[in-house]
Amino acid sequence: MKDKKILIITYYWPPAGGPGVQRWLKFVKYLPEFGWKPTVFTPENPSYPIVDETLQSEVSNDLEIIRTKIWEPYQIAELFGKDNKKFKAGQFDVGKNQSWKSKLSIWVRGNFFIPDARVFWVKPSAKFLKEYLNENHFDAVVTTGPPHSVHLIGLELKKEFPNLKWIADFRDPWTEISYYKHLKLTKSSDRKHRELEQQVFKNADITLATSYTDTENFRKKGANSFCITNGFDSFEKVLDSQKNLKFTLSYIGVLEQLRNPEILWSTLNQIIQENEDFKRDFALKFVGRVDDKILDRIENSELKNSLNNIGYLSHLEANAEMQSSDVLLMTNFPDESSKGIIPGKIFEYLATGKPILSFGPRESDVKKILDETNAGKHFSYQDSVELKAFLISQYQNWKSGITSSKTKNIEQFSRRNLTGKLSEILEAETRVRE
């Protein structure tokens, strides 16, 4: 039986690093096993916030990749201040940390670049792909965002090719994401964002969400929505026969101000002041990019002597650091509207078997996963007493030589199994709508 052809339109592709690239890099890797031949359309000269050259090795030599030029206004934004470099990753200063330059830059970003600063790629990409699709048959096209401007390419193609099956993949929500309310939008800009989002939901044949809550929210807005979470690739575990010399709590990835677990730093400082053994044995490890203002807070506290700030590492190196930790930290935005966000790193954390310490809204999709897999503990940003007890219990486990959790049911989150689920949805929905 001849393979079906699927075109993936994505801003993030190797050598891009960070979580944005992982989802479709892995789907593309496994789709051929399920009868789908992928082609990737991506920018030729993108301005990636993080680069990881090692991910190039995961791209098949047989994969067709189409690249076109993109213009992005980030160099202009950075003239207003070096902190505006955070915009590339959807980050910015908040509250008292905002300078007038930051406030102006955020206002410009939210109101002049709708839905985002990659919007200048939409028209030339749609024009190029209309010609390309007239000459090359595809059974389905995927757009994956953020940046959500990529979905506007799909919208233009759907108008030109109404019978082409369009899958709009939302790695994060659009108007429901936590930082949306910080964009300083005018009423007309807010209305424009929501109108564009609604057009995508209405016209896409399939809308994919990465969390259970987002799936339901999208359905309420009229989308034909399905949940396929992110996941993990199996990797060889590198576990020492002896416990770490230090009881190591690690955060892997980017940590910005909106997800800063102040309660954790306060609780750790309290334990260090009360317990000399813990003070001697404890290590706080950061692998990735941590906001300077968070680092300043830690370096001006008792935690400074426990801090090991490694910085950005390749994906493979980061996985090794996960495995050499005793507890893995994950944070989410604190407000209730973020309960549907499932950070991609949770799945690679699951694969290590290490206990996970999570922060976010009290009842969240992350809590559901941790409870179902017995992989760790989820806390709100107010649970100080319970948090202190958890940290001390994990420390005692480390002293006793207990180095992993008794996890269960994690194979449902393997990348191969998730690609199989994606293939089933594609097959079913394309048959229904033919």
Side-chain angles (χ1 to χ4, degrees), residues 3-13 23-24 27-28 31 36-43 64-68 70 113-116 118-176 191-210 214-215 217-228 422-434:
D3 285 351
K4 291 188 175 182
K5 294 179 67 178
I6 186 168
L7 175 66
I8 294 103
I9 304 173
T10 177
Y11 176 81
Y12 291 103
W13 193 254
R23 182 170 172 85
W24 282 94
F27 281 147
V28 166
L31 274 169
W36 289 87
K37 182 179 179 181
T39 296
V40 171
F41 179 80
T42 194
E64 181 181 6
I65 303 176
I66 305 166
R67 302 180 191 272
T68 62
I70 185 174
F113 306 116
I114 297 176
D116 51 63
R118 278 84 180 209
V119 70
F120 300 100
W121 195 46
V122 174
K123 286 186 177 180
S125 295
K127 180 181 178 181
F128 175 91
L129 289 172
K130 285 175 184 178
E131 296 175 2
Y132 179 78
L133 290 172
N134 274 321
E135 298 174 0
N136 299 271
H137 169 76
F138 280 84
D139 298 280
V141 60
V142 173
T143 56
T144 178
H148 295 306
S149 54
V150 173
H151 296 311
L152 303 188
I153 302 173
L155 195 59
E156 289 299 310
L157 296 180
K158 188 65 176 177
K159 293 175 184 176
E160 184 79 8
F161 306 96
N163 294 324
L164 180 65
K165 306 307 174 185
W166 172 28
I167 300 93
D169 176 59
F170 283 77
R171 301 190 314 277
D172 287 319
W174 187 332
T175 61
E176 301 300 327
R191 183 167 59 251
K192 183 66 173 177
H193 275 280
R194 295 183 187 278
E195 287 174 353
L196 289 172
E197 178 188 51
Q198 193 61 41
Q199 287 183 46
V200 172
F201 287 151
K202 179 181 177 181
N203 288 280
D205 296 281
I206 299 169
T207 298
L208 297 181
T210 59
D214 285 349
T215 304
N217 288 341
F218 294 169
R219 286 175 183 166
K220 290 175 183 176
K221 293 184 175 184
N224 183 35
S225 185
F226 298 84
C227 179
I228 299 185
L422 170 63
S423 177
E424 290 174 4
I425 293 172
L426 290 174
E427 296 285 353
E429 289 300 305
T430 51
R431 281 199 305 269
V432 167
R433 295 176 175 241
E434 283 174 351

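- Judged by distance alone, with hydrogens and angles left aside, the side-chain atoms of K130 form no donor-acceptor pair with the main-chain N or O of L157 at under 3.5 Å.
- Counting only distance, with no hydrogens or angles, the side chain of E156 and the backbone of K123 share no donor-acceptor pair below 3.5 Å.
- T68 approaches S125 most closely through the heavy-atom pair OG1-OG, 4.1 Å.
- Note that the CG atom of L422 and the CD atom of E427 stand 10.0 Å from one another [nearest 0.5 Å].
- Using a cut-off of 4.0 Å between Lys/Arg side-chain N and Asp/Glu carboxylate O, K37 and E64 are scored as not salt-bridged.
- Of the inter-residue distances, the one linking I9 atom CD1 with I66 atom CD1 reads 9.0 Å to the nearest 0.5 angstrom.
- Between the OG1 atom of T207 and the CG atom of D214 there is a distance of 11.5 Å, given to the nearest 0.5 Å.
- Atom NZ of K221 sits in a crowded spot, with more than 12 heavy atoms from other residues, nucleotides or ligands closer than 6.0 Å.
- A pairwise comparison of heavy atoms in T144 and D169 identifies OG1-OD2, 2.8 Å as the closest pair.
- In this structure, W36 and A140 approach most closely via the heavy-atom pair CZ3-CB, 4.2 Å.
- Other residues, nucleotides and ligands contribute only 12 or fewer heavy atoms inside 6.0 Å of the NZ atom of K127.
- A donor-acceptor pair is defined here as one N or O able to donate and one able to accept, closer than 3.5 Å; no such pair exists between the side chain of S149 and the backbone of P115.
- No side-chain heavy atom of Y12 sits under 4.5 Å from any side-chain heavy atom of W24.
- The minimum heavy-atom distance between R171 and R23, with the atom names listed, is CG-CD, 3.7 Å.
- Of the inter-residue distances, the one linking D139 atom CG with I6 atom CD1 reads 9.0 Å to the nearest 0.5 angstrom.
- Distance check, rounded to the nearest 0.5 Å: CG of D205 to NZ of K158 gives 3.5 Å.
- Two residues are said to be in side-chain contact when any heavy atoms from C-beta on lie closer than 4.5 Å; F161 and L133 meet this criterion.
- Between F138 and Y132, the two ring planes are tilted [angle within 30° to 60°].
- Ring geometry for W174 against H148 counts as parallel: the plane angle stays under 30°, on a 0 to 90° scale with 60° as the upper cut.
- Contact record, W121 with T42: CZ2-C, 3.6 Å, taken as the closest heavy-atom pair.
- Counting heavy atoms from C-beta outward, I206 and K165 have side chains that stay 4.5 Å or more apart.
- Atom CG of L196 and atom NE2 of H151 lie 11.5 Å apart (nearest 0.5 Å).
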| task | Kindly determine whether I70 and Y11 satisfy side chain to side chain contact (heavy atoms under 4.5 Å, CB included), including the steps that lead there. | result | CA-CA 10 Å; I70 185 174; Y11 176 81; 3.7 Å; yes
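- For the side chain to side chain contact (heavy atoms under 4.5 Å, CB included) with T143, the qualifying choice from L155, V150, L7 is V150, the only one to do so.
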